[in-house]
Amino acid sequence: MTPDRVPGPLAGRVVAVAGATGPAGRATVRRLAAAGATVSCVGTDPRRLDTLLDATRRAVPGATVVGQVLDLLDPQAAGDWADHIEAEHGGVDGLIHLVGGWRGSKKFTDIDLSDWDFLHDQLVRTLQHTSLAFHDALLRSPAGRFAIVSAAGAAKPTAGNACYATAKAAAETWALALADSFRSLGEADPDQDGPRAAAAILVIKALVTPEMREAKPNAKFAGFTDVGDLAETIVDLWNRPATDLNGQHLWLTPR
């Protein structure tokens, strides 16, 4: 018999996590569940998704965490996901976009533009589909929160990192446009005192996991953000007013 879990600070919140099976996603799903949120996860690999769900339920007794295999390059699938969550749980309070990927080259003239196609799909197209699908539901929430993870390199691209940095910059621009929609619609709504939904950009240099530290105990990982710290920052989004978060870059690495 699974013991009842003590309600946490996010009890009653419903949060969707895209790209849940990666290192950042696993840490975020566990931390959200531990904080009491109902978490809906999607990924593209059934085995990794099952492993995530089992590990989360073991680590957080009584966790309400569900998952499904979904291709977020399909806009209809993204829309169906959002509709299903809202119908089943009565609302959606958060969408955390953690779909990732990296491609690069040693020098500018070695760039393979098929890398751009891959990164555009992973980092931009999935973001577009999910944000469009969840936009209205997040506005309906009393505290809708949206977040992406960007990279410091988006503002200072290197020669061999052009495709990745360009995709991250495009993702940031899209997120800022979403933030403007939340702001303008929130201000125009006579039934609420300003915006209640917020879109934020979490900026890192790179992520480090406990497994990486264990494998290289002498490595400094200077400027890297621990996946646990990223997850804690995501949970904290609901502790801050929407007006303080919306359209903001939250730096988790030195500038």
Side-chain angles (χ1 to χ4, degrees), residues 15 17-19 22-28 31-32 94-108 111 115-116 119-120 122-124 126-128 130-131 143-183 195 197-213 216-255:
V15 183
V17 180
R26 294 193 298 270
T28 297
R31 183 66 189 89
L32 286 167
L95 171 62
I96 310 302
H97 185 274
L98 300 174
V99 181
W102 182 85
R103 298 280 178 88
S105 60
K106 289 186 177 181
K107 57 184 181 178
F108 188 81
I111 290 173
D115 290 346
W116 165 251
L119 291 168
H120 174 265
Q122 293 294 107
L123 305 182
V124 182
T126 62
L127 167 62
Q128 292 171 329
T130 52
S131 59
R145 297 291 182 269
F146 171 88
I148 63 167
V149 176
S150 190
K156 298 181 68 174
T158 58
N161 215 23
C163 292
Y164 180 75
T166 301
K168 282 295 189 183
E172 287 196 15
T173 300
W174 187 270
L176 292 174
L178 175 63
D180 186 62
S181 180
F182 287 162
R183 178 196 57 77
I201 299 166
L202 313 182
V203 185
I204 64 168
K205 174 183 177 181
L207 291 172
V208 60
T209 66
E211 293 78 12
M212 291 167 63
R213 293 191 187 279
K216 296 183 177 181
N218 297 321
K220 295 185 181 299
F221 296 104
F224 283 40
T225 300
D226 191 281
V227 290
D229 293 334
L230 174 68
E232 194 65 42
T233 299
I234 289 170
V235 168
D236 191 53
L237 295 175
W238 282 270
N239 294 326
R240 301 175 60 177
T243 51
D244 289 354
L245 290 171
N246 196 39
Q248 297 301 307
H249 289 73
L250 307 182
W251 285 76
L252 280 69
T253 189
R255 298 194 184 207

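As a basis for the values below, the full set of heavy atoms in this structure was taken, side chains included, without hydrogen atoms, waters or symmetry mates.
Applying the side-chain hydrogen bond (donor to acceptor under 3.5 Å, both in side chains) criterion to R31, with sequence neighbours excluded, gives E232. Not a single ring pair (Phe, Tyr, Trp, His ring centres under 6.0 Å) links F108 to another residue, sequence neighbours left out. Every residue two or more places apart in sequence or in another chain that forms a ring pair (Phe, Tyr, Trp, His ring centres under 6.0 Å) with F182 is listed here: H135. Scanning for side chain to side chain contact (heavy atoms under 4.5 Å, CB included) contacts around H249 gives E172, L176, I201, V203, W251, with sequence neighbours left out. Under the side chain to side chain contact (heavy atoms under 4.5 Å, CB included) criterion, D236 pairs with N239, R240, not counting sequence neighbours.
Side-chain contact between L32 and T28 is present, with at least one heavy-atom pair separated by less than 4.5 Å. Side-chain contact between L95 and V17: absent, with no pair of heavy atoms (C-beta onward) separated by less than 4.5 Å. No side-chain heavy atom of V124 sits under 4.5 Å from any side-chain heavy atom of W174. Side-chain contact between T233 and L202 is present, with at least one heavy-atom pair separated by less than 4.5 Å. Between H97 and T126, the closest side-chain pair of non-hydrogen atoms falls below 4.5 Å.
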Using distance only, find each side-chain donor-acceptor pair of residues 152-164 under 3.5 Å and give its atom names and separation, not counting sequence neighbours.
from: N161; atom 1: OD1; to: W102; atom 2: NE1; distance (Å): 2.9

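The distance from atom OG1 of T173 to atom CG of L178, rounded to the nearest 0.5 Å, is 12.5 Å. To the nearest 0.5 Å, the span separating NZ on K205 from CZ on F221 amounts to 11.0 Å. Note that CG of L127 and CG of L98 are 11.5 Å apart. Values are rounded to the nearest 0.5 Å. Here S105 contributes atom OG and D115 contributes atom CG; the two are 7.5 Å apart, rounded to the nearest 0.5 Å. Rounding to the nearest 0.5 angstrom, the gap separating the CG atom in L123 from the CZ atom in R103 is 10.5 Å.
Judged by distance alone, the side chains of W116 and T166 never bring a donor and an acceptor atom under 3.5 Å apart.
Taking both residues in full, the closest heavy atoms of A24 and L207 are given as CB-CD1, 3.7 Å, listed atom of the first, atom of the second, then distance.
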